[in-house]
J.: 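Sending over a structure as structure tokens; questions will come in a sec.
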Amino acid sequence: MAKNLLIVESPAKAKTIEKILGQDFEVKSCFGHIRDLEKDEMGIDVKKGFKPRYIVPDEKKKVVTELKQIAKKSDEVWLATDEDREGEAISWHLCEVLGLDPESTKRIVFHEITKPAIKSAVAAPRTVDMNLVNAQQARRILDRIVGFELSPILWRKMSMRGNLSAGRVQSVAVRLIAERERSINSFVPVSSFKVDAFFSAKDINGKAVQFKAEGSKYNQADDARKFLESCTGAKYSVADIQVKPTKKSPAAPFTTSTLQQEASRKLGYGVSRTMILAQKLYEAGHISYMRTDSVNLSDTAMDGITSQINTSYGKEYVQVRKFKNKNESAQEAHEAIRPTNMETIKVDIADAQKLYDLIWKRTMASQMADAELEKTIAKIEISTNKEQLTAQGEVLKFDGFLKVYMEGKDDDDENSEEDDAEGMLPPLSVGQQLNLREMKATERFSRPSPRYTEASLVKKLEELGIGRPSTYAPTISTILKRGYVEKRDKEGVKRDYRVLMLKDDKITTVTEQENTGAEKAKLFPTDLGLVVTDFLVQYFDDVMDYGFTARIENEFDEIALGKMKWNNMLNDFYIPFKEDVQNTLEKAERISGEKELGFEPESGKKVIARMGRYGPMVQIGDVNDEEKPRFAKLKNTQSIETITYDEAMELFKLPRVLGEFEEKPVQVNIGRFGPYIAHDGKFYSLSKEHDPYEVDLDTAIPIIIEKRKAKEERTIKVFEKEKIQLLRGPYGPYIKKGLRNFPIPKEKQESAANLEIAEVQKIIEEVIANPPKKRAPKKKKA
DNA sequence: CAGTGAGCGAGCTTCCGCTTGACTT
């Protein structure tokens with residue numbers, strides 16, 4: 001039996017550390033937090049100075065029991081949780097649960113899992129820092145108060161049903177998306193005309209090549225035309241050439257957030273996918289810990305990286321760098337994300353190779369030499385005009401880190417529009433005459449900020465100091481699951497733009513078309529998200545403020561330094577907050593996001609759009625009217641905010657009779673489960689590519705025929721006028737009664753076609769009596 | 001299943017941060 005028990009958070013770390021420390025230590029993991037606030041009644045005694053009530057959650061009981069047993073048998077317990085606020089709290093909770101004295105129990109920390117780091121940590125133990133623990137408790141309690149006070153307000157005040165929630169992080173994330181959407185919708189593009197001249201000159205081999213020079217931008221088409229006119233008959237010559245050496249430096253090694261961004265840009269992964277794959281790589285020992293905000297690399301890692309660069313590319317490619325973290329909220333408990341062994345190139349894990357390559361390359365590049373470029377800027381004179389044109393070229397003199405890796409660009413990066421296509425210029429000399437092939441003034445429109453992707457939202461949250469590496473992906477899952485936000489593509493719209501062209505001393509104008517506004521896998525707020533956000537901003541502007549987290553983080557820091565009492569801090573927050581809560585419960589009206597669209601001409605009844613119990617809808621008339629109001633669901637792409645009166649009225653055109661087929665009427669409508677076609681007492685649901693408002697008889701009939709045929713092929717037998725059916729499924733035959741499916745016992749599957757009604761009834765009864773095991777039910781309160 | 005949307009008012013839901021499995025179809 002080992003004399004010492006050392007506890008870390010992650011089981012994968014435990015294994016590695018046990019190898020390093022040898023026989024004197026048994027290393028175990030506690031799998032993160034082992035205690036949390038009780039779920040009922042807040043878990044906090046506000047009146048007793050915010051005294052928290054902690055419990056060990058059911059799913060943690062097993063780990064805790066095991067740790068208790070081993071702790072009892074060990075001479076000494078060492079706490080080696082992460083060196084950050086949460087890690088310190090975990091150590092303290094371990095003391096509480098394992099019956100250890102926090103004032104004497106050995107607490108050690110390290111930021112990297114390397115032999116020297118761990119050995120020196122063990123040589124210099126300290127004790128649990130209660131100030132830091134208190135800062136964590138304040139953080140935890142504040143989040144609980146905010147979440148568990150705000151969410152019930154939504155349940156009371158929202159007309160929409162479902163499990164709604166609000167919180168310090170998620171609600172602000174939704175707000176970012178909501179505000180971006182509104183700024184896009186109200187954006188008015190402004191056009192300008194950019195002049196480009198195309199010249200030809202001879203390259204080094206004497207071959208004629210074309211190159212581009214840029215002129216000014218004009219806000220009006222007329223001004224652009226005047227400039228082109230002024231150039232008719234002009235001669236062009238090189239007035240000046242400047243050659244400037246420039247440098248490009250590699251980006252810092254990956255943190256969680258930058259890894260998510262790069263995997264999104266280069267591989268198209270959502271943040272959850274990235275994290276699942278990274279977790280697999282970590283568990284297999286291929287990469288360091290993947291939930292980190294640090295850009296630091298251990299000395300051991302640096303040695304591996306530089307020697308790998310040396311062997312692969314040579315000494316001149318090595319350039320050792322220390323990166324500094326840009327954001328203040330970083331807690332830097334771990335290293336940057338890097339390969340554990342730079343010599344490993346192939347990882348034998350499904351789908352994870354590409355992500356590993358990305359990490360490997362980024363890590364390599366971070367310690368490689370700057371790329372050296374030579375930028376040439378040539379000014380071109382126009383004989384008839386005072387203005388000059390500018391041609392730019394770039395030549396790579398030394399590739400440096402670009403040999404392995406170049407960081408991707410977001411579509412909201414400035415200059416990304418222009419500076420990506422800088423090619424080479426042919427050799428030019430001052431005074432050289434140039435032949436103009438053509439000059440164009442192309443109309444360009446200003447663009448709104450792009451919608452967020454999962455990864456660009458994470459970037460923004462990190463900039464604001466909101467959320468942590470371990471919560472970025474789950475936060476996005478939450479706001480998607482709650483229906484506040486949707487991830488989808490948007491088709492672009494065609495837009496005309498003008499091109500004025502000067503060629504052979506003649507000016508012509510042509511109109512061309514471009515596709516604009518197309519976006520892929522972007523986050524859109526739903527009506528629910530917009531309505532809930534507006535409500536929260538109206539009544540809880542302090543918590544919803546983008547600077548709120550940063551402000552309370554400063555106070556948590558004060559607590560951690562022992563300069564502020566944690567319950568005083570909470571009290572200062574709580575008093576005005578609780579007042580807002582009371583006030584809102586009393587005064588706020590039910591939230592429905594109602595918007596008046598107009599009046600129905602025949603009846604004079606009001607037409608409105610609002611949130612209903614089942615989602616966004618339009619309504620004609622009022623509940624208090626004698627006649628019942630009429631309702632219609634909004635289409636997926638429509639929103640309460642932007643729907644027009646005409647679009648709303650269009651929605652009332654369902655149900656619609658399309659015509660007849662086999663002497664029976666064909667009707668299209670929208671039901672609870674979406675749009676469907678009704679014919680001859682049967683229902684055929686419409687797939688997404690069919691818009692129920694567009695469907696006509698000619699499209700409906702093939703759908704009926706095809707679905708009917710597919711159904712026939714799957715049907716084995718029908719009982720009681722189709723109330724009970726025997727169907728063929730992908731895993732074998734099954735029984736369908738009403739909406740419910742019932743499995744057929746294995747031994748009866750082969751002869752399913754011979755089953756009679758009595759036997760079928762018996763199977764159904766048996767299944768109902770002994771329902772198949774479902775996923776473990778959620779724990780209810782005792 | 002192919003309907004609704006208010007309100008009546010049980011009984012349900014919820015936060016953020018640490019960590020990984022154990023569950024189905």
Side-chain angles (χ1 to χ4, degrees), chain A residues 8-14 29-37 39-40 42-43 59-60 62-63 81-82 84-90 93 136 139-156 159-171 276 279 282-283 289 291 331 333 466-472 474-475 478 482 549 590 592 610-619 622-624 628-633 655 667-678 681-685 729-731 738-739 741 743 772-778 780:
Chain A
V8 295
E9 293 180 39
S10 160
K13 261 187 212 170
S29 82
C30 64
F31 296 83
H33 275 292
I34 51 154
R35 290 204 306 181
D36 193 13
L37 295 172
K39 279 218 167 181
D40 318 323
M42 283 297 197
E59 65 269 22
K60 292 287 177 180
K62 210 176 132 194
V63 192
T81 53
D82 298 343
D84 55 21
R85 204 161 60 201
E86 299 297 325
E88 204 66 19
I90 293 173
H93 282 299
Q136 191 276 345
R139 198 279 306 154
R140 178 69 192 93
I141 292 168
L142 185 136
D143 280 337
R144 168 57 66 87
I145 291 171
V146 171
F148 276 38
E149 292 275 10
L150 291 189
S151 300
I153 294 179
L154 295 181
W155 306 338
R156 298 249 323 248
S159 51
M160 176 96 176
R161 72 156 145 184
N163 11 345
L164 300 178
S165 64
R168 174 177 58 84
V169 173
Q170 58 168 287
S171 297
I276 288 168
Q279 174 94 28
Y282 165 68
E283 282 169 13
Y289 196 58
R291 289 188 276 263
Q331 304 193 13
I466 300 173
R468 302 281 312 135
S470 68
T471 59
Y472 295 138
T475 298
T478 301
R482 298 265 176 269
T549 293
R590 208 175 176 78
S592 69
R610 65 174 176 92
M611 283 303 284
R613 247 206 313 165
Y614 305 107
M617 59 155 188
V618 280
Q619 178 181 338
D622 193 86
V623 279
N624 300 321
K628 268 194 165 185
R630 283 142 65 205
F631 306 102
K633 233 183 191 158
Q667 203 187 63
V668 61
N669 197 7
I670 297 184
R672 194 145 50 114
F673 306 112
Y676 64 95
I677 296 170
K682 295 201 176 63
F683 302 97
Y684 307 93
S685 53
Y731 309 110
L739 265 186
N741 293 340
K773 269 188 204 162
K774 286 248 164 94
R775 189 183 291 232
K778 275 190 188 167
K780 299 264 169 72

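Per chain, numbering begins at 1; letters A, B, ... match sequence-line order. No experiment lies behind these values; they were computed from the predicted model shown.
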J.: When you measure from the side-chain N and O atoms of R168(A) to the phosphate of dG17(B), is any distance below 4.0 Å, counting only OP1 and OP2?
T.: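 Checking R168(A) against dG17(B): at least one side-chain N or O falls below 4.0 Å of OP1 or OP2.
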
J.: Choosing from dC18(B), dA6(B), dT14(B), which nucleotide comes nearest the side chain of P152(A)?
T.: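 The nucleotide sitting nearest to the side chain is dT14(B).
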
J.: For dG17(B), take OP1 and OP2 only and decide whether either is under 4.0 Å from a side-chain N or O of S470(A).
T.: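 False: S470(A) side-chain N/O out of range (4.0 Å or more) of dG17(B) OP1/OP2.
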
J.: Check the distance between dA2(B)'s C1' and Q667(A)'s CD and give it to me in whole angstrom.
T.: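 It is 10 Å, rounded to the nearest whole Å.
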
J.: Determine: side-chain N/O of R140(A) to OP1/OP2 of dC18(B), distance under 4.0 Å, yes or no.
T.: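 No, outside the criterion.
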
J.: Rounded to whole Å, how long is the line connecting atom CZ of R35(A) with atom C1' of dC16(B)?
T.: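 Whole-Å distance recorded here is 17 Å.
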
J.: Base, sugar-phosphate, or nothing for Q170(A), non-hydrogen atoms under 4.0 angstrom?
T.: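 If one applies the 4.0 Å heavy-atom cut-off, Q170(A) turns out to touch the sugar-phosphate alone, with no base involved.
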
J.: Rounded to the nearest Å, what distance is computed from the CG atom of residue D143(A) to the P atom of nucleotide dC15(B)?
T.: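 These atoms are roughly 11 Å apart.
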
J.: E59(A) CD to dT19(B) P: how many Å, rounded?
T.: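 To the nearest whole Å, that distance equals 15 Å.
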
J.: Using OP1 and OP2 only, check whether a side-chain N or O of R85(A) sits under 4.0 Å from dG17(B).
T.: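 The answer is no; no side-chain N or O of R85(A) sits under 4.0 Å from OP1 or OP2.
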
J.: With sequence neighbours excluded, what pairs up with R630(A) under the salt bridge (Lys or Arg N to Asp or Glu O under 4.0 Å) test?
T.: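 If we apply the salt bridge (Lys or Arg N to Asp or Glu O under 4.0 Å) test to R630(A), skipping adjacent residues, the hits are E600(A).
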
J.: From dT20(B), dC15(B), dA2(B), pick the nucleotide closest to the side chain of S165(A)?
T.: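 Given the options dT20(B), dC15(B), dA2(B), the side chain of S165(A) is closest to dC15(B).
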
J.: What's the closest nucleotide to the Y289(A) side chain, out of dA6(B), dC16(B), dT20(B)?
T.: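 Within the option list, the nearest is dT20(B).
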
J.: Using the P atom on both, measure dA22(B) against dC18(B) and round to a whole Å.
T.: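 Here dA22(B) and dC18(B) have their P atoms 24 Å from each other.
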
J.: Does R630(A) put a side-chain nitrogen or oxygen below 4.0 Å from OP1 or OP2 of dG3(B)?
T.: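 No, outside the criterion.
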
J.: Look at R590(A) and dG7(B) and indicate whether a side-chain polar atom (N or O) is within less than 4.0 Å of OP1 or OP2.
T.: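 Indeed, a polar side-chain atom of R590(A) lies that close.
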
J.: OP1 or OP2 of dG17(B) versus the side-chain N and O atoms of T471(A): is any pair under 4.0 Å?
T.: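 Yes, because at least one side-chain N or O of T471(A) sits under 4.0 Å from OP1 or OP2 of dG17(B).
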
J.: Can you tell me which nucleotide in dA6(B), dG21(B), dT14(B) comes closest to the side chain of E283(A)?
T.: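 Of all the options, the side chain of E283(A) is nearest to dG21(B).
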
J.: Which pairs pass salt bridge (charged side-chain N to carboxylate O under 4.0 Å, His left out) with one or both residues in residues 142-155 of chain A, sequence neighbours excluded?
T.: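 For residues 142-155 of chain A, and leaving out neighbouring residues, the salt bridge (charged side-chain N to carboxylate O under 4.0 Å, His left out) pairs sorted by first residue read R139(A)-D143(A), D143(A)-R168(A), E149(A)-K578(A).
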
J.: Tell me whether the side-chain N/O atoms of R291(A) come closer than 4.0 Å to OP1 or OP2 in dC18(B).
T.: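 It does not, given that no N or O in the side chain of R291(A) lies less than 4.0 Å from OP1 or OP2 of dC18(B).
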
J.: Using the criterion of both pairing distances under 3.5 Å for Watson-Crick and G-U wobble pairs, give all stems of 3 or more consecutive pairs involving DNA chain B.
T.: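 As far as DNA chain B goes, consecutive pairing (with distances under 3.5 Å) yields no stem.
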
J.: Whole angstroms only, please: what is the OH-P distance between Y676(A) and dG3(B)?
T.: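 In whole Å, dG3(B) P lies 4 Å from Y676(A) OH.
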
J.: Does a nitrogen or oxygen in the side chain of Q279(A) sit under 4.0 Å from OP1 or OP2 of dT20(B)?
T.: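 Answer is yes, contact under 4.0 Å.
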
J.: Select base, sugar-phosphate, or nothing to describe what G87(A) touches, counting heavy atoms under 4.0 Å on all strands.
T.: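 It contacts nothing in the nucleic acid.
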
J.: Once you apply a heavy-atom cut-off of 4.0 Å, does G167(A) come out as touching a base, just sugar-phosphate, or nothing?
T.: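 Sugar-phosphate contact only.
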
J.: Would you say a side-chain N or O of S29(A) is under 4.0 Å from OP1 or OP2 of dT20(B)?
T.: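 No.
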
J.: Figure out the NZ/P separation between K633(A) and dG3(B), and round it to whole Å.
T.: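 Checked: the NZ to P distance equals 12 Å.
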
J.: Please report, rounded to the nearest Å, how far the P atom of dT19(B) is from the OH atom of Y282(A).
T.: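 After rounding, the gap between these two atoms is 8 Å.
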
